[in-house]
Amino acid sequence: QILEADGWTLHHVDGQGEHHWTRPGKERRDGTSATTGYMGSDVLKVFTSSHPTLNADETYTKLGYLAATRHGGDHSAAASALRQSGYGTDLPINVTITDAAAWPDPTPLPPPEPGPEFPLHTLPEWAQAHAVAVADQVQVPVDLAAMQIIGALSAACTGRANVHVSPNWSEPVNLYLAVAMRSGAGKSPTDKLVVDWLRTWQRTRMEQMAEAHAKAALKVRHARKRLTKLEGSEAVDERDLFAAYEALAVAEAAVPPLPRLLADDTSPEAVAGLLREHGQRIAILSTEADLFDMLLRGKPGQRANMNIFLKAWSGDSFTRDRKGGSESGPEWTELSRPLLTIACSVQPSVLAQVRNDPEMTNRGLAARFMVSVPDDVIGYRDVTRRFTATRLPTTDPYEATATGLATRWCSWANPAQLHFSTNASTALCDFLAEIEPRLAKGADLEHLAEWANKLHGSIARYAGLLHLAEAGDTQAEISRSTVDRAIDLGRYWMAHAAVVEGIADETAIEQAQGLLAWIAGEGVGAVRLADMQAGHRRPGEGLDKIADYIAPVELLEGLGYLRHLGGGDWRAEVGIRRSKSPDFAVWPEIIGKPLSAVIPRSPRTASMGERDLSLSPSRYTPPPGPRGTRFTRIVDPPPVDNFPAGYEPGALFDRPGVLPPETDVTTDGPGPVAP
C-alpha cells in the first residue's frame, strides 16, 4: 500500500513469496528495483541506485521508508506524523500514509435536491383532510397519501369518461403514477388507509355477481357440450347443428363479466387477457416494483412485450396473435379501446433504472408516468404513533364518498363526455405556451421534452377526474378553477420529473453517505473495495455487486474523503476475476468517529401536513369560507373524544380548504394562515 501510493509497480512474486518491485519512472520491462518479503521479513531491500531518497543495497522498515521519503530521514518526525494520523491510539488502524495536517478538509456531501411539496388543494376537497390525517398517523410525506388517493380514484373511473379539451383533442381519465420512497418508509400502511376502500368495494361487487356468473357459465358449458356432441354425430341435422351453435353464442353473450378492476403482479399477456375479460378496463395498484422488475428483466430486445402498456395508456386498439400450444392452438386477442391505470410505489433506484433504460425511454413508457419523489423522513418520524394510532375520524367520510363515486361511475353504460369551458381551455393553452420554449434545445427543460409531451394529457385527464370527484355533473363544463388546480398538480409532477432525472446521482450520494458512515465506524486508515462490499452490503439500496460500489466510491474520492493507494485507474479491473481489489486511504479526521460528529445531518423538509402546501406560481384561488374569508382556522376543534388519543385536530386541519365535517369556523384575517 505504501509503495503503490508512491508509484512503485509490483513486477512479480517469485516462488518463495518474495515481491519484486519496479521503481517509479521505470517500466516493468526494465526489471526490478527492490524486493519485499525476503525470507518472510517485512522490510524493503533496495537494489536501484536511481531513487532520489533511497540508497542502493540498503534495507528499510516501513517507518524507515516513510522517514527517508517524507521527512529527510528523521524517524521522530515520521513517528509524530503517524501519531497524528491515529497510530499509537486504541483505534485498530491498519495503514495510513498521509499526514493529517496535509489532508485538506473534504467537500461536504451535497444533499439531494428535493422537489416541491404536494399541492394539497389539487386533491378533491373531501379527500384533503384524510390525506393529511393518514400522513400524520403513518408518519409519511403527504405526497404519498395524495398520490395513492389519485391512483385509486383514477382506477375506479377508468373507462367511464372522456375529457374533450378541444374539438380535436380528447383524453380518457386513466393515469400512470409512480411514487419513489425507500423500503420501510410506510408505503404499505398508507396504501391500506387510502386504497383499501376500493378493494372492499370490488370484493363486495364480485360476491354479489358470483352466483349469477356461475349459473351463466354453467349454461355455456352445457351448450358447448351439446354442440360438441352434435359435431361428432354423422347423422346430425344441419338445422340442429346451427341451432346449437347459435344457442352457445347466446349463452356466452349472457355471461355477466365479473366486476374485477384491480390487478397487482401480472405479465403483459395476463394484462391483455384481463382487459378482454373485464370490459377493457383494469388497474394495477401496487406498493412493490413487480411491474418494473418484470419489464426491466433480461436484455433490451429480449424483455417482456410492453406494447399493451403503451397502447392501454391512450386507449389505442391492440391486437395480439400467438401460435399457442399444441392443445390450445392459435391465440388471438383484439381490444378496441383498452384502458389501464397504474399507480405504483417503488424505491428511488427503480425509477432511476427506468429512466436510464434505453428501451423504456425510447419507446415512451417512462414518460407516461407522472412521478412523485417526496423527501425522506426516515429517522425523523414520531414512532409513538404506532402505539397510539386508532381509526382516523376522517376514514368513514372519505371511504363513503369514494365508494359512492365508484358505484355511480360503474353504473354508466357509456362513458361520460366531459368538455372544457372556454376559459379552462385557455388556461391549459397558456400553460402549454409557457413551457414550450423551455423544451427547446439548450433550454432548461430540454431533457424533459418527451416527458412534458405526456404531461399535457395527464393534466387534462386529472381535470376531468377532479370534476367528476367534486361537481359530479356530467353535463356541466369543466371550469377554469378546476383546470388551474390540475395545472398546479402538473407543475408538481414536472418538478419531480426533474428530480427523477437526478435520482441516479442522488442514489450515489445516499450510498456514499452510508458507505462513509461504515468506513468511519471501522476505525481504519485504509480500506479495500472488497472490504466495503463485504462489510456494507445493502442490496435494497443498490449496493450488491462489486461494480455497484464504483459510483459512491468515485464520489467519496472526488470529494476528498478517500484517496486511492496506487497508480493508474482503479476502476479498470473492478469485477475482473483474480484482479487485485483497489485500496483507499481514509480522511484521518473521520477515522473512528460517528459520521454525525464530522458531517452534520441536513434538516429534512418533507411535510406530513403541518405546513402550507400551495405551489407557486398558481392560478388557483381557494373558494371562500363560510364567513366570506378564503382562509379558515379551527378555533373550537371538535371534542377530543371524537379523535384518537394523542391526536391534535386543531393542528391537523389548520390549513386552507381542509375542514372536518360540521366544524364551526371563524375568520382569521384576509391572508393565509401562518404555518
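Predicted model only: the values in this text are computed from it and were never measured. Every heavy atom of this structure was used, including side-chain atoms; hydrogens, water molecules and symmetry mates were not.
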Using atom types as modelled and distance alone, determine if a side-chain donor or acceptor of [X] lies under 3.5 Å from a backbone N or O of [Y].
| X | Y | result |
| --- | --- | --- |
| E171 | W169 | no |
| H456 | L432 | no |
| D316 | A312 | no |
| S154 | V173 | yes |
| R438 | E434 | no |
| T403 | A400 | no |
| H121 | Q128 | no |
| Q280 | S336 | yes |
| Y176 | V371 | no |
| Q202 | L261 | yes |

Could you please spell out the steps behind the side chain to side chain contact (heavy atoms under 4.5 Å, CB included) verdict for M370 and L455? CA-CA 7 Å; M370 301 296 105; L455 172 65; 3.9 Å; yes

Separation of [Y] [atom2] from [X] [atom1] (nearest 0.5 Å):
| X | Y | atom1 | atom2 | result |
| --- | --- | --- | --- | --- |
| I487 | L428 | CD1 | CG | 5.5 Å |
| T122 | I150 | OG1 | CD1 | 5.5 Å |
| R260 | H278 | CZ | NE2 | 5.5 Å |
| L489 | L120 | CG | CG | 11.0 Å |
| I149 | T190 | CD1 | OG1 | 10.0 Å |
| S479 | E470 | OG | CD | 8.5 Å |

Please name the pair of heavy atoms, one in [X] and one in [Y], separated by the smallest distance, quoted to 0.1 Å.
| X | Y | answer |
| --- | --- | --- |
| L262 | I282 | N-CD1, 4.2 Å |
| T474 | A416 | CG2-CB, 3.7 Å |
| A463 | V483 | CB-CG2, 4.1 Å |
| L365 | F309 | CD1-CB, 4.0 Å |
| L198 | A152 | CD2-O, 3.7 Å |
| G151 | L285 | O-CD2, 4.1 Å |

Between [Y] and [X], do the side chains contain a donor N or O and an acceptor N or O under 3.5 Å apart?
| X | Y | value |
| --- | --- | --- |
| S421 | N423 | no |
| S425 | T422 | no |
| N174 | R281 | no |
| Y492 | S372 | yes |
| E450 | T361 | no |
| S458 | W493 | no |

Tell me whether the NZ or CZ atom of R363 lies within the 45° cone about the ring axis of W313 and under 6.0 Å from its centre. no

Please step through side chain to side chain contact (heavy atoms under 4.5 Å, CB included) for the pair L177 and T341, ending with a clear verdict. CA-CA 8 Å; L177 307 173; T341 284; over 6 Å; no

A side-chain contact here means heavy atoms from C-beta on lying under 4.5 Å apart; do [X] and [Y] qualify?
| X | Y | answer |
| --- | --- | --- |
| F431 | R491 | yes |
| Q347 | R182 | no |
| L466 | P124 | yes |
| M360 | M306 | yes |
| H130 | E399 | no |
| I435 | M494 | yes |
| R160 | C410 | yes |
| Q417 | S170 | no |

Using a strict 4.0 Å threshold on nitrogen-to-oxygen distance, state whether D191 and R199 make a salt bridge. yes

Would E446 and K441 pass as an ion pair if we require N to O under 4.0 Å? no

Before giving the answer on side chain to side chain contact (heavy atoms under 4.5 Å, CB included), spell out for L418 and N162 the whole-Å C-alpha distance, their side-chain angles and the decisive distance to 0.1 Å. CA-CA 6 Å; L418 308 176; N162 295 317; over 6 Å; no

Any idea how W197 and Y398 line up, ring-wise: parallel (<30°), tilted (30 to 60°), or perpendicular (>60°)? perpendicular

Aromatic rings H164 and H419: how do their planes relate, parallel, tilted or perpendicular, breaks at 30° and 60°? parallel

If you apply the rule side chain to side chain contact (heavy atoms under 4.5 Å, CB included), what do you find for D143 with V179, and how did you get there? CA-CA 8 Å; D143 313 54; V179 182; 5.9 Å; no

Matching residue for C157 among L405, L175, L465 - test: side chain to side chain contact (heavy atoms under 4.5 Å, CB included): L465

From the list M181, M147, Q148, side chain to side chain contact (heavy atoms under 4.5 Å, CB included) with S345 holds only for Q148

Does the side-chain hydrogen bond (donor to acceptor under 3.5 Å, both in side chains) test come out yes or no for N168 and S166, once each step is laid out? CA-CA 5 Å; N168 298 317; S166 67; 5.8 Å; no

